[in-house]
Novice: 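Here's a structure for you.
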There are 2 protein chains.
Amino acid sequence: MRGNSVKEQTEKAAKKTVRADAQRNENTILEVAKSLFSKYGVDVPVRKIATESGVGVGTVYRRFPKRSDLVAAVFRREVDACVRYAETVQQNHQPGEALTLWFIRYTEFIATKRGLAAALHSKDPAFASLPIYFRSNFEPALKALLDAAAKSGEIRTDIAPYDLLRAIGGLAMANGDDGTEYEHSMVKLMIDGLRFGADQTR
Amino acid sequence: MRGNSVKEQTEKAAKKTVRADAQRNENTILEVAKSLFSKYGVDVPVRKIATESGVGVGTVYRRFPKRSDLVAAVFRREVDACVRYAETVQQNHQPGEALTLWFIRYTEFIATKRGLAAALHSKDPAFASLPIYFRSNFEPALKALLDAAAKSGEIRTDIAPYDLLRAIGGLAMANGDDGTEYEHSMVKLMIDGLRFGADQTR
DNA sequence: TGTTTATACGGAACGTAGATCCGCTTGTCA
DNA sequence: TGACAAGCGGATCTACGTTCCGTATAAACA
């Protein structure tokens with residue numbers, strides 16, 4: 001939705017033409033930032049991100065005027081990736097299995113967001129839109145998975161997608177980085193819960 | 001364990017003699033820090049705390065080598081105050097009422113701790129002991145209140161104190177600063193839940 | 001292909017905040 | 001009251017976010 005190819009504005013708004021190197025750099029910065037955030041936390045110095053990306057700090061700040069803008073951009077990217085995964089998994093697996101796989105992916109997403117919990121409650125305007133972005137992307141994605149599983153009679157239909165997102169988000173958030181096994185078992189438990197009573201709902 | 005000067009062990013313990021002004025300053029710093037934390041968040045500059053306390057930064061750092069040590073100290077103080085309140089309220093109110101009053105006080109405590117949520121998950125050693133401190137102080141305090149209410153037949157006995165702490169903590173944490181009314185009603189709901197079935201448990 | 005120019009780049013420089021250092025002050029004890 | 005350890009404060013060092021501006025270059029044009 002943003003990579004408007006170069007020459008397509010033949011007439012009206014010919015003010016674009018993002019230079020190729022700029023585009024490339026923005027991408028690199030986001031990749032590097034993501035990796036450094038997960039390695040050192042969201043507090044890594046901008047300078048480090050810049051150096052590791054092979055650019056100067058000026059370049060980072062031109063694209064992301066505030067540090068928090070960069071953090072928010074990485075966040076959105078990861079939401080997108082997780083949503084995309086929901087689509088992929090839905091195409092390649094049975095509904096019930098797809099649900100399990102996606103929940104696990106989702107807990108991994110949440111686990112890396114622990115450092116942002118405070119930021120989301122902060123007043124920084126860069127983060128203001130993130131909760132909405134989160135919900136308006138994840139809710140439909142999960143709804144699609146649930147609908148598919150409900151349609152095949154595997155789960156019941158009286159659980160709201162958003163409530164599930166919160167519940168699983170909560171349990172993934174509450175545990176340390178070692179919680180993988182715990183998380184998987186909780187996810188299974190939740191899906192069992194969804195399966196319970198599946199028959200009487202159809 | 002480190003500054004054992006030679007002459008101060010006349011026999012066993014004579015290692016005290018905290019100078020009066022030092023004691024006074026430490027107290028002032030903690031008071032001021034608490035008030036500034038709640039006004040501006042835990043990110044207020046140490047300089048500001050020092051100035052407002054009428055001391056130099058050096059004085060603050062002598063007592064609290066790291067910024068986070070100060071934050072942790074204020075946290076412990078507030079835990080203590082909240083626990084003390086449990087004792088007070090238990091002496092001056094009927095068990096059921098005491099429970100309500102204390103839960104409200106507790107939600108207020110939690111609400112001011114939103115900024116620390118991330119810190120508690122951080123690796124800063126100053127915060128490492130806080131979760132244990134939290135639990136080992138709050139759990140017995142709440143247990144006493146619950147026991148009293150159970151003894152008078154007002155509530156049932158099958159709810160673990162720590163689970164209650166987490167549940168109420170969770171709801172207080174999840175809401176914005178405007179959540180007072182919501183929180184009170186949720187607390188009432190929880191206590192009603194405790195009252196439910198009180199009779200068959202005795 | 002050569003010229004022009006809007007875009008983008010890098011990193012020096014600035015302001016602020018945490019943390020340290022050390023010469024000066026003061027409470028305490030005899 | 002005098003001596004001195006305990007305590008004080010703020011100048012100073014370091015690190016980080018952010019800004020600025022001279023230089024480099026991709027892209028448009030000839």
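Below, chain A is the first sequence line, B the second, and so on; all start at residue 1. None of the values given here were measured: they were computed from a predicted structure.
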Novice: For the residue pair B:Asp124 / B:Ser68, report whether a side-chain donor-acceptor contact shorter than 3.5 Å exists.
Specialist: yes
Novice: On the six-membered ring of A:Tyr40, is A:Lys48 placed so that its NZ or CZ lies under 6.0 angstrom from the centre and within 45° of the ring axis?
Specialist: yes
Novice: Is any side-chain nitrogen or oxygen of A:Asn25 closer than 4.0 Å to OP1 or OP2 of C:dA8?
Specialist: no
Novice: May I ask you to evaluate whether A:Arg67 reaches the phosphate of D:dG17, defined as a side-chain N or O under 4.0 Å from OP1 or OP2?
Specialist: yes
Novice: Let me spell it out: for each of B:Arg24 and A:Val55, pick the nucleotide of DNA chain C with the closest heavy atom. Which residue's pick is nearer the 5' end?
Specialist: A:Val55
Novice: Round to a whole Å and report the spacing from CD of B:Gln23 to C1' of D:dG7.
Specialist: 13 Å
Novice: What about the rings of A:Phe109 and A:Tyr85, do their centers lie closer together than 6.0 Å?
Specialist: no
Novice: Quick check: closest heavy atoms across B:Val42 and B:Phe37, and the distance to 0.1 Å?
Specialist: CA-CD2, 3.7 Å
Novice: Rounding to a whole Å, what distance do you find between B:Arg62:CZ and C:dT25:P?
Specialist: 15 Å
Novice: Rounded to whole angstrom units, what separation is found between the CZ atom of B:Arg47 and the C1' atom of D:dA11?
Specialist: 10 Å
Novice: Provide, to the nearest angstrom, the distance between the CG atom belonging to A:Leu70 and the P atom belonging to D:dT18.
Specialist: 11 Å
Novice: Starting from P on D:dT19, measure out to CG on A:Asp69 and report it in whole angstrom.
Specialist: 11 Å
Novice: Tell me whether the side-chain N/O atoms of A:Thr59 come closer than 4.0 Å to OP1 or OP2 in C:dG10.
Specialist: yes
Novice: Between the base of C:dT26 and the side chain of B:Arg19, is there a donor and acceptor pair under 3.5 angstrom?
Specialist: yes
Novice: What is the separation between atom CZ on A:Phe64 and atom C1' on D:dG17, rounded to the nearest whole Å?
Specialist: 16 Å
Novice: Start at the 5' end of DNA chain D and walk down; is the nucleotide closest to B:Gly54 or to A:Val46 reached first?
Specialist: B:Gly54
Novice: D:dC8, C:dC9, D:dC16: which one has an atom nearest the side-chain heavy atoms of B:Asp21?
Specialist: D:dC8
Novice: Find the distance B:Asp43:CG to C:dT16:P and express it as a whole number of Å.
Specialist: 17 Å
Novice: Please compare B:Ala20 and B:Pro45 by the position of their nearest nucleotide in DNA chain C and report the one closer to 5'.
Specialist: B:Pro45
Novice: Looking only at side-chain atoms of B:Thr17, point me to the closest of C:dC9, C:dT28, D:dG9.
Specialist: C:dT28
Novice: To the side chain of A:Arg63, which of C:dT20, C:dA8, D:dA5 is closest?
Specialist: C:dA8
Novice: Could you tell me whether B:Phe75 and B:Tyr133 have their ring centroids closer than 6.0 angstrom?
Specialist: no
Novice: Rounded to the nearest angstrom, tell me the gap between atom OH in B:Tyr61 and atom P in C:dC22.
Specialist: 18 Å
